[in-house]
Amino acid sequence: MDLDDLIRRALSGERRAIARLISLVEDGGADLGRVMQALYPHTGSAYSIGITGAPGAGKSTLTERLVGRARADALGVGVLAIDPSSPFSGGALLGDRVRMQSHATDPEVFIRSMATRGHLGGISLATPEAFRVLDACGKDVVVIETVGVGQAEVEITDACDTTLVVVNPGWGDAVQTAKAGLMEIADVFVVNKADRNGTRQAVQELRQMLELSEADWKPEIVETVATKGTGIDELWAAVEKHRAYQEEQGLLEARRRRRVQREIKEIVAERYRSKVEHDEVALLNELTDEVAARRLDPYAAADRLIAALS
Ligand SMILES: Nc1nc2c(ncn2[C@@H]2O[C@H](COP(=O)(O)OP(=O)(O)O)[C@@H](O)[C@H]2O)c(=O)[nH]1
Ligand SMILES: [Mg+2]
């Protein structure tokens with residue numbers, strides 16, 4: 001299919017076309033620039049919700065509930081699930097697929113497990129680009145689920161408009177959350193599996209940790225039982241409250257601006273890396289010889305390489 005045609009179909013909301021554009025993003029191919037150029041004027045209205053936490057915390061179950069909640073308001077929804085444990089598998093998590101099946105036939109819901117099939121910028125660049133595809137193609141809300149274990153995953157979640165950090169009742173889970181660097185990025189805390197013992201204690205632990213924070217926004221703590229749908233309205237209300245707060249304070253603009261700046265920097269870094277690794281192999285080898293023979297130091301070699309790149 002011709003690329004312009006594909007873009008046109010995706011913009012009109014056609015699901016298969018959206019899926020193909022996201023595959024294109026994952027591949028990181030040469031068409032990416034053209035796709036982004038065509039899509040960009042149509043973006044800016046989708047709201048992104050990041051959801052992170054340890055494996056098994058209930059992120060996917062919560063995501064499904066949030067999708068249901070958004071649909072109750074007749075919003076178009078996208079879901080991007082990022083599974084760092086299988087970056088080359090194509091990323092489809094069977095369990096997630098089965099769970100999400102209640103939304104599978106809803107044309108206003110688009111669900112995708114992300115993978116980076118060759119995108120040099122990795123998942124941290126592929127994800128905002130996939131979000132942009134969904135934004136341009138008319139989704140009002142996009143939920144991005146990541147396992148909050150690696151730096152890249154934390155960064156992706158941090159780059160959302162509202163970040164939910166999911167913990168479970170159980171001794172020390174809040175402490176683990178703090179250690180994983182998730183405390184700072186949480187706009188809302190979700191204590192999921194609130195049907196279990198220790199819920200009150202988990203909430204208390206979180207509250208104590210939050211008291212130490214000097215940030216203006218005090219994250220709300222919401223108790224949920226995702227499997228039963230309990231607390232989902234409260235969670236949705238907490239997200240809307242955070243959104244309203246950011247909009248009133250002009251913080252949403254600032255946050256999105258920081259996100260775009262990070263993206264530009266990553267694109268530049270990726271281009272340079274690609275040039276060094278693919279286009280300037282001969283020069284790089286030559287310079288390596290010079291450094292190895294001690295006629296040149298590594299910094300001088302880098303200067304010459306940079307000069308050749310621009
Ligand atoms: N008891 C209980 N189990 C839950 C709850 N939410 C999710 N689970 C279960 O916890 C397991 C992991 O959930 P999942 O959503 O896949 O977690 P993820 O790895 O964070 O995406 C599944 O078996 C869920 O059915 C909850 O609120 N209470
Ligand atoms: Mg999951």
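Because only heavy atoms are used, hydrogens play no part in the values below, and waters and symmetry mates are left out as well, while side chains stay in. Indexing begins at 1, ligand by ligand and atom by atom, following the structure's order.
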Distance under 4.0 Å to a non-hydrogen atom of [X]: what atoms of ligand 1 satisfy this?
X	answer
Ala54	20 (O)
Ala226	6 (N), 26 (C), 27 (O)
Ala57	17 (O), 20 (O)

Hey, which N, O or S atom on Glu145 ends up closest to the Mg ion (ligand 2)? OE2
Heavy atom under 4.0 Å from ligand 1: found in Thr61's side chain, backbone, both, or neither? both
Tell me whether the count of non-hydrogen atoms from other residues, nucleotides or ligands lying under 6.0 Å of CZ in Arg15 goes above 12. yes
Taking the minimum heavy-atom distance to atom 2 (C) of ligand 1, which of Thr52, Val225, Asp195, Asn192 ranks first? Asp195
Please compare Glu223, Arg65, Lys193, Lys228 and report which has the shortest non-hydrogen distance to atom 3 (N) of ligand 1. Lys193
Check if Glu145 has a non-hydrogen atom at a distance under 4.0 Å from any atom of ligand 1. yes
Do Val239 and His242 touch side chain to side chain, with heavy atoms closer than 4.5 Å? no
Any donor-acceptor pair under 3.5 Å linking the side-chain atoms of Arg255 with those of Thr162? no
Is Thr61 close enough to the Mg ion (ligand 2) to have an N, O or S atom under 2.8 Å? no
When rounded to the nearest 0.5 Å, the distance separating CD of Glu247 from CD of Glu253 is 9.5 Å
To the nearest 0.5 Å, how far apart are CG in Leu134 and OG1 in Thr43? 12.0 Å
Residues which pass salt bridge (Lys or Arg N to Asp or Glu O under 4.0 Å) with Arg256, listed by chain and number, not counting sequence neighbours: Asp161
Sub-3.5 Å donor-acceptor pair from the side chain of Thr63 to the main-chain atoms of Lys59, do we have one? yes
